[in-house]
Every structure is written in structure tokens, then in C-alpha cells.
Protein chains: 2
Amino acid sequence: MSQSGTGIDLDTSLGYLLKEASSVLRTAMEEVLRPLGMTVTHYSCLELLAQRPGLSNSELARGAFVTRQSMNVLLQNLERDGYVTRPAQAPVGKALPARLTPRGRRSLERASAAVRSVEVRMLAGMTEAEQADALRSLRSMIRSLRGDAVGA
Amino acid sequence: MSQSGTGIDLDTSLGYLLKEASSVLRTAMEEVLRPLGMTVTHYSCLELLAQRPGLSNSELARGAFVTRQSMNVLLQNLERDGYVTRPAQAPVGKALPARLTPRGRRSLERASAAVRSVEVRMLAGMTEAEQADALRSLRSMIRSLRGDAVGA
DNA sequence: CAACGTATGTCAGACTTCTGACATGAGTCA
DNA sequence: TGACTCATGTCAGAAGTCTGACATACGTTG
């Protein structure tokens, strides 16, 4: 696809393809989330809270792959609009455990269904085995990039 | 990794893992690009121009997975700083073919080497066959998400 | 106990990217 | 030829995210 002007190796670079896949996935998610008035990070935050109630702002940030400052802005809005609640006082340390409100849970349900449909569409045409392979490949790449050491 | 509080299926979601891998890759690239005073999009633009000279602003935007408005901002800066050149008049239509200047090419060389090392690190621990599989998987996901049609 | 390093929440400012909008140039078709 | 559609470049404003900075809370270590 695209132009085949010079026959570049961009199409054979795993890094480039990873970026492309991520971009396409993000766009597809934004498309289904926009009608619900939700961004991807917004949805990620809610989904994380549904699956792991009590996560702190910093933990949510790591789970959604943004800085804690960005997540803090979002979390304050979500709290103001009644989607999540946080105690005024930290039970321990400074971390404030966040939880979904019933309203947040309802909002998430629609979003979750929409996002699931996107993932289903993405996986169409792949066998179970291929999906398992892809899972292992991605995990390997993540581990290699994170696992520091290695001067190289 | 992370907490194993509830045993979530986030670790088995290809979509989530794709986002994670992309995030880690981006962070790794930013790390090596920052000392060179370059962002990922900045580098992407230069790399695209090196491999496909004469790409227009819109084409560069598509290749770097940003909007043409964003690429336009970047391209104007790169032009102002002497990394790329564009004719004042469009040879055909409105599209202005961009090209690297010698300075742009020099700047790219260092960045390209740095990015290559990141990709090498990412692929460490994967066999040729596994890389080929990953390539096919990512292409399949991209095609499925892009290829509309298909109701559910 | 005191000092240190680490992690957290939060505020402020800057940067990047996005959406919306407009005008221009090329191709298509009646 | 004229109308329509599409792609492009560009400007302007809005939104999201980032970096930098500060104060606070915990654990460790002397």
C-alpha cells in the first residue's frame, strides 16, 4: 500500500509496523469512543479501575502509559463529573485509592463494548495460534526494551 | 510485573499489549533521540524523506501517523532551520515536494544509528522466524482494522 | 533518632498534536 | 465549458500531554 516509489524497507521494519499498528488501533478506538464523549486515556482509566479497584493516580498513569501529571488532570475531571471517587485522606502514605462510581461503571459498560468490538475486528483473520504467537512476540519486545543492562 | 492484585486479563489483551509495546518503543526512541534534540515525529519525517525524496507534507504526515496540520508545523520549522527544502511553487497541483538538505542528511545519520540500535535491542531474543511471524501478525491486524466492510 | 532516597499528589507553564475552517489546484462528468 | 468532488497547504484555536518543580509520606540506614 502507500506508494511504492523507491521500495523502502519501512514495510519490513518491526518498529515501524508496530507504530503503524498502534496508530491504526488508536484511531479505531477514538472513532468508537468519540460518540461516547470519551478519549482513549479516559477509557483506559475507567477500565483499569473496573478491573483493579483502588488503584492510585500514579498506578493508573503507569497502566495507561501516560505521566502521573496527565492522569491527575484526567482524574480530577472524572472526580468532578462523578465518575470516580477518591477519599479526602490517604489511608496510607500519600496514595489515594480511586474507585468507580455507579455512574462511572455505567459509562464504562458502553465504552467497553465498543472497544471490545474493535479488538475483535482487529483479531479477525487470525487463528488462536497466531494470536498466541503475537502475544509472545509483543511480550518479548517489551521485555527486551525494558530490560535495561545491555550496553550495546 | 505490575501488581497481580486481581489477575486481570489486561495481560492477555493483544490491544493492550500492542499499546504497551508501542509506548515502550516510543519511550526508548525518545531517550536516544533527546540528546540529539530530536523528537520521534521529527526523526520520522527525516527518515521518510531520506528514503522517499520528494514526499509532500500530506504524504509525510500519513507516513509518520500524524495529521497534515501537525506535520506542517514541524516541516516549517525544519525548513526554517535548514534541514529540508521545499520549492516556493508547486510543480503540479498544490503538493510541495520536500527534500533533505546536506545538513538534514547529517542530522539524520546520527539519529538513524541511534534508532537502529533501539530496534536491534527490541529484537534481541527473537529468532528470524519469530520476527517474520510478528511481522505477519502486525500486518494482519493493520489490514483488519483498516479494511472496513465487515459488519461485526 | 536523624538523614537519606524513593514514591506520591499536585500546581504551573510549555510543547505537541488535534479539530475546524478556508482557499487553491486537479480530475471527472454532464 | 461549468459544476462537482477530492486532495492539498495553511491558519487559528482548543485539547491533551509533557517537563519542571515543590511539599509530603514512607522505608532504610547510619
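In what follows, every heavy atom counts, from backbone to side chain, and hydrogens, waters and symmetry copies are set aside.
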Rounded to the Å, how far apart are [X] [atom1] and [N] [atom2]?
{"X": "B:Glu31", "N": "D:dT19", "atom1": "CD", "atom2": "C1'", "result": "15 Å"}
{"X": "B:Gln69", "N": "D:dA15", "atom1": "CD", "atom2": "C1'", "result": "14 Å"}
{"X": "A:Leu75", "N": "D:dT17", "atom1": "CG", "atom2": "P", "result": "13 Å"}
{"X": "B:Leu96", "N": "D:dA7", "atom1": "CG", "atom2": "P", "result": "18 Å"}
{"X": "A:Asn57", "N": "D:dT24", "atom1": "CG", "atom2": "C1'", "result": "15 Å"}
{"X": "B:Asn72", "N": "D:dA7", "atom1": "CG", "atom2": "P", "result": "18 Å"}
{"X": "A:Asn77", "N": "D:dA15", "atom1": "CG", "atom2": "C1'", "result": "11 Å"}

Which is the 5'-most and which the 3'-most nucleotide of DNA chain C that has an atom under 4.0 Å from a heavy atom of chain B? C:dT17 to C:dA26
Check every atom of D:dG9, D:dT17, D:dC26 against the side chain of A:Val92 and return the nucleotide holding the closest atom. D:dC26
N or O in side chain of [X] less than 4.0 angstrom from [N] OP1/OP2:
{"X": "B:Arg62", "N": "D:dA7", "result": "no"}
{"X": "B:Ser58", "N": "D:dG9", "result": "yes"}
{"X": "B:Arg34", "N": "D:dT19", "result": "yes"}
{"X": "B:Ser56", "N": "D:dT8", "result": "no"}

Qualifying residues under side-chain hydrogen bond (donor to acceptor under 3.5 Å, both in side chains), relative to A:Ser137, sequence neighbours excluded: none
Residues passing the side-chain hydrogen bond (donor to acceptor under 3.5 Å, both in side chains) test with B:Glu79, sequence neighbours excluded, are B:Arg86
Identify, between B:Lys94 and B:His42, the residue whose nearest nucleotide on DNA chain C lies closer to the 5' end. B:His42
Using a strict cut-off of less than 4.0 Å between a Lys/Arg side-chain nitrogen and an Asp/Glu carboxylate oxygen, indicate whether B:Glu47 and B:Arg116 qualify as a salt bridge. no
If you compare all heavy atoms of B:Ala28 against all heavy atoms of B:Val118, which two are closest, and at what distance to 0.1 Å? CB-CG1, 3.8 Å
Residue closer to the 5' end of DNA chain D, A:Pro91 versus B:Ala95 (nearest nucleotide): B:Ala95
One should read off an interatomic distance between B:Leu48 CG and A:Leu10 CG, to the nearest 0.5 angstrom, of 5.5 Å
Can you list the residues that meet the salt bridge (Lys or Arg N to Asp or Glu O under 4.0 Å) rule with A:Glu30, with sequence neighbours excluded? A:Arg26
Looking at five pairs on each end of the helix from C:dC1-D:dG30 to C:dA30-D:dT1, what is the angle between the two axes, given to 10 degrees? 30°
Regarding A:Leu74, tell me which of base, sugar-phosphate or nothing describes its non-hydrogen contacts under 4.0 Å with the strands shown. nothing
Output, in order, the C-alpha distance, side-chain angles, deciding distance and verdict of side-chain contact (heavy atoms from CB on, under 4.5 Å) for A:Val24 and B:Arg146. CA-CA 7 Å; A:Val24 174; B:Arg146 281 232 181 92; 3.6 Å; yes
Show me the side-chain donor-acceptor pairs of residues 91-101 of chain B shorter than 3.5 Å, one per line, residues at least two apart or across chains.
from	atom 1	to	atom 2	distance (Å)
B:Thr101	OG1	B:Gly82	O	2.6
B:Thr101	OG1	B:Tyr83	O	3.2
B:Thr101	OG1	B:Arg103	N	3.4
B:Thr101	OG1	B:Gly104	N	3.0

